[in-house]
Every structure is written in C-alpha cells, then in structure tokens.
Amino acid sequence: AAGQDVDMGSYLVKHGCGVYVLPARHSETVEALPSGEAIAAVLRRLAGSFDFLIVDTPGTFNPQVAAALDESTTALLVTSAGSGARLSAA
C-alpha cells in the first residue's frame with residue numbers, strides 16, 4: 001500500500017531451478033491490475049536486489065506494459081506467426 005514498506009520477499013516464490021518468481025496474482029482475492037506507477041516501483045525495488053529481472057507481459061500494450069518497458073535496460077519482444085499475423089499480412 002502507498003506509504004508502507006512492503007516485504008517483497010513474502011510475494012516471491014522460489015522455483016525449483018533456483019530462480020525467484022513474482023506471480024502476477026499472489027492471491028486469488030486480487031482482482032485489480034496494479035497501476036503503471038506501482039509496476040515501476042516494484043521493478044526498481046527488485047532491481048536493487050537482483051542482477052537480472054525477466055518481466056513477462058501480456059500481448060497487449062497498456063500502462064503496466066509501458067511502465068515495465070520504461071524501467072528496462074534491454075527488451076526482448078517475442079512474437080509468433082499465429083493466425084492473426086497471417087491475416088494482417090494478407
């Protein structure tokens with residue numbers, strides 16, 4: 001919450017291969033998307049604790065994706081040649 005020091009470790013899940021994951025929904029009761037400003041603040045905070053952050057964003061562009069890209073030093077965009085790509089190329 002705004003103005004509170006949140007323990008980020010309580011939201012991180014350690015995967016079996018040793019990497020830490022911050023799930024999009026850490027609780028089934030969370031329904032609203034965080035703001036772009038909240039995403040940026042979380043990424044800045046995590047960047048202070050980890051050498052690398054990998055952010056998996058949805059395939060749509062919204063304020064949250066914009067905030068993640070703004071905080072990035074490198075961005076890798078993964079696409080696929082799905083049916084939408086074939087239709088738009090026709």
request  = Go through T60 and V65 one step at a time and tell me if the side-chain contact (heavy atoms from CB on, under 4.5 Å) criterion holds.
outcome  = CA-CA 8 Å; T60 58; V65 173; 5.7 Å; no

ask   = Judged by atom type as modelled, is there a donor-acceptor pair below 3.5 Å linking the side chain of S72 to the main-chain atoms of A75?
value = no

message = For P23 versus V13, what's the shortest heavy-atom pair and its separation?
response = CG-CG2, 4.0 Å

inquiry  = To the nearest 0.5 Å, what is the distance between CG on L69 and OG1 on T74?
reply    = 11.5 Å

query = When rounded to the nearest 0.5 angstrom, what is the spacing between CG in L43 and CG in L22?
reply = 8.5 Å

request  = Determine yes or no for a side-chain-to-main-chain donor-acceptor pair under 3.5 angstrom, with Q64 supplying the side chain and P34 the backbone.
outcome  = yes

query = Any side-chain heavy atom of F50 sitting closer than 4.5 Å to one from L12?
reply = yes

inquiry  = Minimum heavy-atom separation for A68 and I39, please, with both atom names.
reply    = N-CG2, 4.3 Å

query = Between atom CG of L53 and atom CZ of R45, what is the distance when rounded to the nearest 0.5 Å?
reply = 13.0 Å

ask   = Where do G36 and A67 come nearest, in terms of heavy atoms and distance?
value = O-CB, 3.1 Å

